[in-house]
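Structure, as structure tokens:
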Amino acid sequence: MRWVFEWSDADLERGGCTSTATYQWHVNGSPISGATSSSYTVPSRLECGDVRVHGGCDVRQLQCDVEQRDGDGEPIAERDDQRERFDEPVRWVFERPTLTSSVSNAAARRVPVALNGHPISGATEFDATRCRAGLSAGTYVYTLVVTCGSCSATSNSVTVTVSPAPSVTIKPIGSTSLCVGYSSGPTLTSSVSNCSGMAQYQWYQNSVAIVGATSSSYTVPAGLSAGTYAYTVVVTCGSCSATSNSVTVTVSPSPSVTINANGSTSLCVGYSSGPTLTSSVSRCTGTATYQWHVNGSPISGATSSSYTVPAGLSAGTYVYTVVVTCGSCSATSNSVTVTVSPSPTVTISTSGSTNLCTGYSSGPTLTSSVSNCSGMAQYQWYQNSVAIVGATSSSYTVPAGLSAGTYTYTLVVTCGSCSATSNSVTVTVSPSPTVTISANGSTSLCVGYSSGPTLTSSVVGCTSTATYQWHVNGNPISGATGATYVVPGGLSAGTYTYTLVVTCGSCSATSSSVTVTVSPSPSVTINANGSTSLCVGYSSGPTLTSSVVGCTSTATYQWHVNGNPISGATGATYVVPSGLSAGTYTYTLVVTCGSCSATSSSVTVTVSPSPSVTISANGSTSLCVGYTSGPTLTSSVVGCTSTATYQWHVNGNPISGATGATYVVPSGLSAGTYTYTLVVTCGSCSATSTA
């Protein structure tokens, strides 16, 4: 777009010319070739800030029409004697002045001059003397010779002065690409040449005069908001002015950049991959460029919008930022800290056997040792790779009651963001064997026995080769390591409890017990209450009584006669029955106390046959009182097995001293009847004669 100012046309005023006038314009007294019209346009288009045309005594009034034209020169809208603002820089273009043959004696009209809708300070009139024209610098006096028929007249002169235009350039010291919030702007310095007087300066920002900016240099102030600022300086040297080239200062909005980590920023030495840091940029007015930094230093080659923390970093703290540059502006992101911690070391050991058997009462305790832990250690125990609920202490006791199997224990220790897994400890729970023992032979023995029973074992559930150890009363029996054991002879009285410990691998089982009792032998004696010498036909036999010593349990009794047990004779006493035939009967008693028996001494009962005795009188058995001698009684004994003894009786009463085989009835008996009998004893038997 541009402003175009054109001179308005005026009717030619003729005066004093009685015929057709001919014209010839002159400059500095020399005719101008081809300048034969009633008007003359000073050659070449003028370009400057403002223009004034002045001349001799008659100056034609200047008329300025303002119109807006597009890039093709077509009118858009008309404005009269006013300024108009456009969205892009334009230049002032003025048509060269036209000199006419008749001008009024009026002063030049002042017309306000504007650029981009803003008045240009001091540009209030058109001044041809301050503009560069096609003419070179100098003074040009224009006259017009008008010929009317045979007469000519030379006009007054119009002097056009073309002064040398100054030249001014400006350049910045410092960057012209700034960011919002910059602390200082560039300094614009001017360089002026061809200045015919004292130079005067006026700086412009976006075609608006900067108040007070009248030095040869200008420093762009801090604090400008985002935008584009075009700076020029107008230098006035005498009547001529020149506008410098423009320097554009761009204030860009500062970009905003944030970074985030995709992945953990707490790593451990030896990690396989680090997190990816991604950036998010806003308010970037150009193509963003990136530079990642770690701990304040740029990372070579890290110029993408994202950055992956490499594996293999040593232990330490790494602070990552990214500097994003958008055009002339840079912004540093927030920081993301990646911590690489040293990995802890953990080992576990056991207190107690790790080879257990089903039914064990307590398991081993696993204890841990941790080193290189950078924070508070946290613990998690695992059994066969499965976390044990609640097992979060530095030690762990394997619980009782595990079934048969293999159990592998490990410990994961976490120190901050780092974890370490310990070595493993394997606890083996084997099925316990089952062992029973039995005795072949009596387990109730008596002191002095000749041989003991044989103990045999039966083992079930042994998964390896069984080993044996026999025990008696809880103590191992030296050398008794076979599957069987014979109780030795000669043990003293007492109770002997035998068990067998069978070991299968790591498991042992103790059998049930077999008790062998060695009892002291009892002592038994028997006595007869009553005669043991009996006669056939006796009415009652003697009572045999027993006396037992050293019986440690309830005694049982068995009476024997002649070596044979008497049926039903199981009491502590025994009455020899009546009615035994003549003979000898040897009685013994077998007393059993627990496992021991003792046979008493014997008591012999003799049943003798009864003797037969007869007596006869030699002499009269009928006597008279005063008789001088009585009859002699003689005996005859049959069946007497031993020496007979005699006892004579009279009227049932034994006759003292009458113990011979014969008896003489004494004289002197008083009158009466005297009955005489003889009792003959043969051993234990007696027989009474008939009277």
Side-chain angles (χ1 to χ4, degrees), residues 2-15 17 20-69 72-75 78-81 90-111 113 123-148 152-165 239-242:
R2 64 177 182 163
W3 289 102
V4 179
F5 295 86
E6 295 180 343
W7 305 103
S8 62
D9 293 332
D11 292 335
L12 177 63
E13 296 181 0
R14 302 180 180 87
C17 187
T20 300
T22 62
Y23 304 89
Q24 178 60 61
W25 291 87
H26 293 72
V27 59
N28 295 337
S30 298
I32 301 169
S33 177
T36 58
S37 297
S38 60
S39 62
Y40 177 71
T41 300
V42 178
S44 297
R45 180 182 297 271
L46 299 176
E47 297 183 7
C48 60
D50 51 64
V51 178
R52 179 186 297 142
V53 178
H54 59 90
C57 58
D58 292 326
V59 180
R60 180 180 172 187
Q61 179 178 353
L62 299 177
Q63 176 67 38
C64 181
D65 291 332
V66 183
E67 69 177 359
Q68 180 182 352
R69 297 184 181 181
D72 297 327
E74 296 299 324
E78 293 188 357
R79 301 287 189 271
D80 182 50
D81 292 337
V90 300
R91 64 185 179 130
W92 292 99
V93 181
F94 301 95
E95 297 295 343
R96 53 193 176 276
T98 298
L99 306 179
T100 60
S101 58
S102 177
V103 297
S104 63
N105 192 20
R109 182 180 180 186
R110 294 178 180 271
V111 179
V113 180
T124 58
E125 57 187 10
F126 300 100
D127 185 355
T129 64
R130 296 172 58 192
C131 300
R132 286 189 307 175
L135 299 176
S136 60
T139 301
Y140 298 88
V141 179
Y142 289 92
T143 56
L144 173 62
V145 175
V146 178
T147 301
C148 295
S152 297
T154 301
S155 70
N156 59 302
S157 64
V158 172
T159 300
V160 175
T161 301
V162 180
S163 299
S239 61
C240 288
S241 296

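- Formation of a donor-acceptor pair under 3.5 Å by the Gln24 side chain with backbone atoms of Ile32 is found in this model.
- The shortest side-chain heavy-atom distance between Tyr23 and Ser37 does not fall under the 4.5 Å cut-off.
- If you take OH on Tyr142 and OH on Tyr40, they are separated by 4.5 Å, rounding to the nearest 0.5 Å.
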Residues Val145, His26; criterion side-chain contact (heavy atoms from CB on, under 4.5 Å); working and verdict: CA-CA 7 Å; Val145 175; His26 293 72; 3.1 Å; yes
Output, in order, the C-alpha distance, side-chain angles, deciding distance and verdict of side-chain contact (heavy atoms from CB on, under 4.5 Å) for Trp25 and Thr143. CA-CA 6 Å; Trp25 291 87; Thr143 56; over 6 Å; no
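- Heavy-atom minimum distance, Cys240 versus Pro164: SG-O, 4.0 Å.
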Determine, stepwise, if the pair Val158 / Val141 fulfils side-chain contact (heavy atoms from CB on, under 4.5 Å). CA-CA 5 Å; Val158 172; Val141 179; over 6 Å; no
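- Atom CG in Leu144 sits 9.0 Å away from atom CG in Asn156 (nearest 0.5 Å).
- Thr22 places a side-chain N or O within donor-acceptor distance of the main-chain N or O of Thr147, the cut-off being under 3.5 Å.
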